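Given the structure is predicted, the values throughout are model-derived calculations rather than measurements.
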Amino acid sequence: MSDRSMNRRHFFKEAGLLGAAAAGAAMAISACKSSGGEAAPAVTCTDTAGLTEAELSARMDAEYVDHSQVPGKMCSTCALFEAPATEGKCGGCKVVKGPINPQGYCKLWAQKPA
């Protein structure tokens, strides 16, 4: 019986290590660009410290997220997006107040006219 419990304990230890390694590898891969393998600069536009409660509420109502999960729809392709002066920085929005990530998304997204 003790050999069996040692095997089980060893199995769970190895499974935990394997899971941690897989999670680390996935994070490393997602941080790389698909071309060249260089690390993509991380733009984070979540600092809402200067917004009023009403502006924060409107931002939440618009369901703004810092990184779009909707294929083909991100703030940089939205008609309401105000591009940042410097690439790699947060932009703005005509409707949603606060810093806006070019890779972000909200339910108010509207296609830029061609």
Review point. Just by distance, do the side chain of Asn101 and the backbone of Cys45 share a donor-acceptor pair under 3.5 Å?
Key: no
Check your understanding: Which distance, rounded to the nearest 0.5 Å, do you find between the CD of Gln103 and the OG1 of Thr44?
Key -> 11.5 Å
Check your understanding: Tell me, do Thr46 and Pro99 make a side-chain contact under 4.5 Å, heavy atoms counted?
Key -> no
Review point. Sulfur to sulfur, is the gap between Cys93 and Cys78 shorter than 2.5 Å?
Key: no
Review point. Just wondering, do Glu82 and Lys94 contact through their side chains at under 4.5 Å, heavy atoms?
Key: yes
Review point. Where is the tightest heavy-atom contact between Lys97 and Arg59, given as atom of each residue plus distance?
Key: O-NH1, 2.7 Å
Revision key, fill the gap. What one should report as the nearest heavy-atom pair of Gly104 and Ser68 is O-CB, 3.8 Å
Practice item. Rounded to the nearest 0.5 Å, what's the gap from NZ on Lys112 to CG on Leu80? Could you check? Key: 10.5 Å
Review point. Closest heavy-atom contact between Pro84 and Cys90?
Key: CB-O, 3.2 Å
Point to revise | 4.5 Å side-chain heavy-atom contact, Tyr64 and Leu108 | key: no
Point to revise | Members sharing Leu56's hydrophobic cluster (side chains within less than 4.5 Å) | key: Leu51
Point to revise | Asp61 backbone acceptor or donor facing Lys107 side chain under 3.5 Å | key: yes
Review point. Met74 and Trp109: which non-hydrogen atoms are nearest, and at how many Å?
Key: O-NE1, 3.0 Å
